[in-house]
Trainee: 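My questions all concern the structure below.
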Amino acid sequence: MSEDAADTFKIEIEGWEGPLDLLLALARNQKVDLRQISILELVEQYLGFVNQARALQLELAADYLVMAAWLAFLKSALLLPRNPEETPGPEELALRLQLRLERLNAMREAGARLVARDRMGRDVFPRGSPEGLRVVRQARWEAEIFDLIAAYGRISARTRPMMHVVAHRDVMTLEEAIERVSDLVGKRVDWSVIESFLPADAGDLYRKSALASSFVAVLELARQGKVELRQKSAFAPLYVRMLP
Amino acid sequence: MSGVEDLARAVEAVLFAAEHPLGIEELRAHVGAQADVRAALRTLEQLYAGRGIELVRRGDQWHFQTAADLAHLLRRDREDSRKLSRAGVETLAIIAYHEPVTRAEIEAIRGVQISKGTIDVLMEAGWVRPAGRREVPGRPLTYATTSAFLSHFGLASRRDLPGIDDLRAAGLLDPVDLAVEQETSETVTQDE
Amino acid sequence: MSGVEDLARAVEAVLFAAEHPLGIEELRAHVGAQADVRAALRTLEQLYAGRGIELVRRGDQWHFQTAADLAHLLRRDREDSRKLSRAGVETLAIIAYHEPVTRAEIEAIRGVQISKGTIDVLMEAGWVRPAGRREVPGRPLTYATTSAFLSHFGLASRRDLPGIDDLRAAGLLDPVDLAVEQETSETVTQDE
């Protein structure tokens, strides 16, 4: 049924909402439990109703007519000798109609009970301006002893190189080296390799430090024009001589 | 004042301030974990019986609301909720008692197509929501009711829907096909 | 029920459902123009005296509110258990092993700055407390663990912290001067 047709029909026949609705209204007129209604009687009433509407030249929506045709078929099937080949049989068709009516009726009554309840905002009202309840969340912090120890181990591992303390370490400062080289170079007349200016009794680490500082020292002295340097090639021995 | 009366005062204040119905555990969270909240609620029920405000139990939740017989005093400055059409009421009932339910299933029960606006009106009222698609050909949308539906109609849960247990027991919430199967099999059994 | 009591019920319901305090005229608009609303309010005042809900007059307007002495019930504390962050655990470990220790020292040991909230969280948890100021320039605050720390981690004393002796023997717990640490670590790197 199209909406237009539905609208027309509502206006013309007291707003039946479809053929099933009309059938239910007729069935209830039988004033018996829907399980006990006479389907034949119901069919007669429906067909009578449709004929009456036609006589009054009311425009019936298509699905009312489809239902009328189906009910006419059902009626003849119920009345004529049964054809066992035919499935579903007329009794089952009648049962289906009765079950559908029961279900529609159940929902109609349920709806009526539902809307008749005391409805919030219509029949009963909550407090207009409740203060409200507040939940104050507090964190309960969790950590396990294992996490703590693992964390400390992790930090220790991460910072281990940083934690080495070099208790004592001999270094020759640049000032020391300049003084030492200036002093020694003046006592020599010819070219001397730079290693010859290092202290003879130096340990390995101190010797490295002394070499590095002495190298910078001779560069500084050369810059000042006090010594000259000679080296044949990279990594070849470095010679130092006092400038006249 | 006795302990029970002190507790009743406390429960009264908490329920009064609450924005939603509260259960026993929620009440205990406010008034004390060991409190005999049920005894306090009984005291309050008696205290409020017949008054303009009533203590109401919905399922296992409690709240205060105005007495239903005073609705006429309260409605005056409120927008009258639009009256639901008959189609609307039936459709709402079918959704509530059968959810989740497709439009085709609603139409099968009502024996008529439902016009476009009927479900829209129910959704606009906040009582009905789409509830996913049914995994059958065409994947039709299903509908279900909302918590706003429950609270508007004063229901604690769908189990409180009027008569739902009887309807289910009578098979009236089963589809016709299933009911036919059962009826015919019963008939067969009777025949034997 | 008498007329006054009926009226009291009506006023009770109207005040309960109202979103604002109401004056006499507003109440009359709901319960009846001729009604002796003041008498009804007096009845209600007596009825609610000492209860969890009170009828309160503000100027010439009336409303219900929860009794002031029960306000504390309207809030409740909820504990959410939360896991300490990695920074939090590391900071706590450093404080536990080195206490009393300043923030700068913690950062030196971790090798990473600690955000402001990290120590706050540890103090909120009740595991760390301020432990006086160090008498050096800037007088930085030092931190130490609490007895709650010990009991949470199942320790009788800080000496029970596993491995503390081994770590000390390895020289890992020696106080390290920041400046020296920088220089020596650089020298070491050059040597290697």
Trainee: Which atom pair, heavy atoms only, marks the closest approach of Gly128(A) to Glu19(C)?
Mentor: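 Minimum heavy-atom contact is O-CG, 3.5 Å.
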
Trainee: Around atom CZ of Arg28(A), are there more than 12 heavy atoms from other residues, nucleotides or ligands closer than 6.0 Å?
Mentor: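 Counting other residues, nucleotides and ligands, CZ of Arg28(A) exceeds 12 neighbours.
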
Trainee: Take atom CD in Glu179(A); do more than 12 heavy atoms of anything else shown fall under 6.0 Å from it?
Mentor: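 Counting neighbours around CD of Glu179(A), 12 or fewer heavy atoms of other residues, nucleotides or ligands fall under 6.0 Å, so no.
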
Trainee: Would you call the rings of Tyr152(A) and His98(C) parallel, tilted or perpendicular, taking 30° and 60° as the class edges?
Mentor: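 Plane angle between 30° and 60°, so tilted.
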
Trainee: For His72(C), is the NE2 atom crowded, meaning more than 12 foreign heavy atoms sit under 6.0 Å from it?
Mentor: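 Yes, because the 6.0 Å sphere around NE2 of His72(C) holds more than 12 heavy atoms from other groups.
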
Trainee: For chain A, find which of Arg82(C), Lys83(C), Arg75(C) contributes the most heavy-atom pairs closer than 4.5 angstrom.
Mentor: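 Result: the option with the highest number of such pairs is Arg82(C).
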
Trainee: Where do Ile109(C) and Ile155(A) come nearest, in terms of heavy atoms and distance?
Mentor: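 Nearest heavy atoms, Ile109(C) then Ile155(A): O-CG2, 3.4 Å.
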
Trainee: Would you say that more than 12 heavy atoms from the other residues, nucleotides or ligands in this model lie under 6.0 Å from the CZ of Phe215(A), or not?
Mentor: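 Result for CZ/Phe215(A): open.
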
Trainee: Output yes when a side-chain donor or acceptor of Arg127(A) lies under 3.5 Å from a complementary backbone atom of Phe64(C), and no otherwise.
Mentor: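 Yes; at least one donor-acceptor contact below 3.5 Å.
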
Trainee: If you check every heavy atom in residues 147-154 of chain C against those of chain A, which residues fall under 4.5 Å?
Mentor: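 Listed by number: Phe149(C), His152(C), Phe153(C).
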
Trainee: Give me the contact list for residues 118-135 of chain C versus chain A, heavy atoms only, anything under 4.5 Å, ordered by residue number.
Mentor: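 Heavy-atom contacts from residues 118-135 of chain C to chain A are Val121(C), Glu124(C), Ala125(C), Trp127(C).
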
Trainee: Are more than 12 heavy atoms from other residues, nucleotides or ligands located less than 6.0 Å from atom CD of Gln113(C)?
Mentor: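 Check fails, neighbour count at 12 or below.
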
Trainee: Can you find a heavy atom in the side chain of Leu84(C) that is under 4.5 Å from one in the side chain of Glu142(A)?
Mentor: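 Of all side-chain heavy-atom pairs linking Glu142(A) with Leu84(C), none is under 4.5 Å.
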
Trainee: Nearest 0.5 Å please: distance from the CG atom of Leu74(C) over to the CZ atom of Arg134(A).
Mentor: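 Spacing of CG (Leu74(C)) from CZ (Arg134(A)) equals 9.0 Å.
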
